[in-house]
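A short write-up of the structure that comes next.
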Amino acid sequence: MSTPFLLEVSGLTKSFGPLKAVNNASFCIRQGQVVGLIGANGAGKTTAMRMLATLETPDSGQILINGINAVDYPEQVRPLIGWMPDYFFPYKNTSVREYLDFFARAYGITRERLLDAVDEVVDFTELDGLQDQMINKLSKGQTQRLCLARTLISDAQFLILDEPAAGLDPKARIEFKNLVHLLKSRGKTLLISSHILSELGEMCDSLLFMDAGAIVHDGGMEDLLHRKTESGYVFEIRTAGDNTAPLEEWLALHQGWDVRSVQQHGVVASFSSCEPEAVAAELRQLCKDLPVIDFHRSERRLEEAFVDILIRRDQETPLTPEPPTSPVL
Ligand code: ATP
């Protein structure tokens with residue numbers, strides 16, 4: 001049985017004047033999933049997330065969180081949500097400990113739980129040595145960890161993180177990725193936005209692509225990353241030595257194979273079936289006949305997948321005629 005949905009969004013729309021920042025977006029997230037929200041600057045990610053976090057009211061559409069209508073009953077869903085915005089206002093003369101203490105009280109955490117709640121998030125985000133540090137003196141990475149600590153303090157089950165890894169150096173990014181894995185292992189559900197695609201690819205179970213306010217892709221990573229043709233997957237194959245001729249010959253003689261390019265040390269070829277058994281049978285035969293040293297499905301970068309989706313979408317969307325400049329009589 002599949003896990004129930006934590007979030008169900010349908011027809012979500014929000015305009016600012018003539019601009020449709022979010023345009024009829026529909027998607028669902030299951031409990032315990034880590035979902036990435038990807039889109040260029042201005043695609044509508046923050047606006048969509050702010051509506052999910054009950055900070056912005058949609059013009060139309062429905063948001064259900066644990067089955068509760070978030071638009072009609074925001075106060076009921078807020079305890080379920082941890083919101084990490086993409087900006088941070090460093091309060092003056094406030095230490096890390098005081099800052100978290102303040103948010104814990106704001107979330108209504110009782111006096112008895114307060115110390116433990118702050119200690120837990122400080123420990124989780126590895127801010128232990130920085131508790132007395134003034135927050136306007138923290139580095140970018142430390143500030144992001146503080147922001148995450150603040151988001152986690154209420155122990156909400158649905159975490160909405162807007163560009164949490166923006167501006168982090170490679171080491172801090174890896175640390176952040178590890179924190180996301182830990183949160184997932186604790187059963188949290190996460191929606192994480194970014195315009196850096198590779199970053200999300202490594203963290204998420206599933207991806208939502210957003211373009212000009214619309215969701216243009218909703219699904220897993222498998223089909224996005226593995227290059228697929230009309231008929232099947234594309235493989236990169238290499239045999240010992242630099243001579244690719246025997247391999248090319250083998251592929252030409254075996255049904256279903258189509259050589260797409262010959263490179264210096266190997267061949268890129270598509271096979272007419274995605275069925276694992278059919279592919280395994282081909283590989284077994286190939287290994288019997290030739291000294292195969294590498295055989296893998298060709299991967300593309302998420303950026304390429306995103307661009308492909310946008311191109312396909314443009315091709316599928318019929319051009320709407322320009323509105324007439326003067327009334328047609
Ligand atoms: P980024 O990656 O740059 O943060 P985004 O995908 O989060 O971008 P949004 O911040 O949601 O995009 O903005 C979507 C569009 O809505 C943009 O064109 C933006 O200028 C516009 N917009 C967002 N908030 C407002 C507002 N309060 N008033 C007017 N326009 C807004």
Side-chain angles (χ1 to χ4, degrees), residues 7 9-29 34-63 65 70-71 74 77-78 81-90 140-141 143-144 146-148 150-151 158-169 172-173 176-177 180 189-204 206-219 224 301-311 313-314 317 320:
L7 175 75
V9 174
S10 56
L12 194 65
T13 300
K14 176 80 187 176
S15 297
F16 297 108
L19 176 85
K20 270 201 172 149
V22 176
N23 187 1
N24 198 23
S26 301
F27 56 93
C28 295
I29 300 181
V34 179
V35 175
L37 179 60
I38 291 180
N41 291 124
K45 304 179 296 293
T46 298
T47 309
M49 287 180 135
R50 283 177 57 81
M51 288 191 278
L52 303 185
T54 73
L55 298 167
E56 198 92 61
T57 312
D59 297 339
S60 56
Q62 193 181 50
I63 302 168
I65 298 178
V71 181
V77 296
R78 278 181 194 141
I81 301 167
W83 161 246
M84 180 172 168
D86 64 347
Y87 57 86
F88 179 77
F89 295 119
K140 176 77 186 171
T143 305
Q144 290 296 82
L146 176 63
C147 231
L148 182 64
R150 178 190 112 173
T151 308
F158 180 32
L159 304 173
I160 306 173
L161 315 181
D162 193 6
E163 298 273 1
L168 297 186
D169 65 28
R173 274 171 200 274
F176 178 75
K177 223 182 305 167
V180 168
T189 306
L190 287 96
L191 178 64
I192 307 172
S193 78
S194 177
H195 54 268
I196 304 171
L197 281 73
S198 51
E199 179 175 282
L200 283 185
E202 293 163 19
M203 281 188 244
C204 299
S206 164
L207 291 176
L208 296 164
F209 280 181
M210 214 170 173
D211 180 54
I215 301 289
V216 293
H217 169 84
D218 176 357
L224 277 181
R301 293 183 311 140
L302 273 178
E303 282 83 352
E304 291 176 70
F306 190 33
V307 170
D308 280 354
I309 287 170
L310 295 185
I311 293 171
R313 184 166 168 260
D314 285 347
T317 313
T320 38

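In each ligand, atom 1 is the first atom listed, and ligand 1 is the first ligand listed. Quantities reported herein were computed from a predicted structural model and do not represent experimental measurements.
- Of the options Asp211, Ile38, Thr46, the smallest heavy-atom separation from atom 7 (O) of ligand 1 is shown by Thr46.
- Sorted by first and then second residue, the side chain to side chain donor-acceptor pair (under 3.5 Å) pairs involving residues 36-51 (not counting sequence neighbours) are Thr46-Asp162, Arg50-Glu56.
- Closest to atom 3 (O) of ligand 1 among all protein heavy atoms lies Asn41 ND2, 3.0 Å.
- The protein heavy-atom contact nearest to atom 15 (C) of ligand 1 is Leu19 CD2, 3.6 Å.
- Contacts of Glu163 with ligand 1, taken as heavy-atom pairs under 4.0 Å, involve the side chain alone.
- No N or O atom of Ala21 sits closer than 3.5 Å to an N or O atom of ligand 1.
- With a 4.0 Å cut-off on non-hydrogen atoms, Ser193 does not touch ligand 1 at all.
- Between Arg50 and ligand 1 there is no heavy-atom distance shorter than 4.0 Å.
- For atom 27 (N) of ligand 1, the closest non-hydrogen atom of the protein is Phe16 CE2, 3.6 Å.
- Here is the list of ligand 1 atoms found below 4.0 Å of a heavy atom in Ala43: 5 (P), 6 (O), 12 (O).
- In terms of protein heavy atoms, atom 14 (C) of ligand 1 is closest to Gly42 O, 3.4 Å.
- Protein heavy atom at the shortest distance from atom 9 (P) of ligand 1 is Thr47 OG1, 3.6 Å.
- Proximity of atom 20 (O) of ligand 1 to the protein is not indicated, since no non-hydrogen protein atom lies closer than 4.0 angstrom.
- Against a heavy-atom cut-off of under 4.0 Å, Ala40 is close to the following atoms of ligand 1: 6 (O).
- At least one heavy atom of Gly44 lies less than 4.0 angstrom from ligand 1.
- Close contacts between ligand 1 and Lys45 involve ligand atoms 1 (P), 2 (O), 5 (P), 6 (O), 7 (O), 8 (O), 11 (O), 12 (O) [criterion: under 4.0 Å to a heavy atom].
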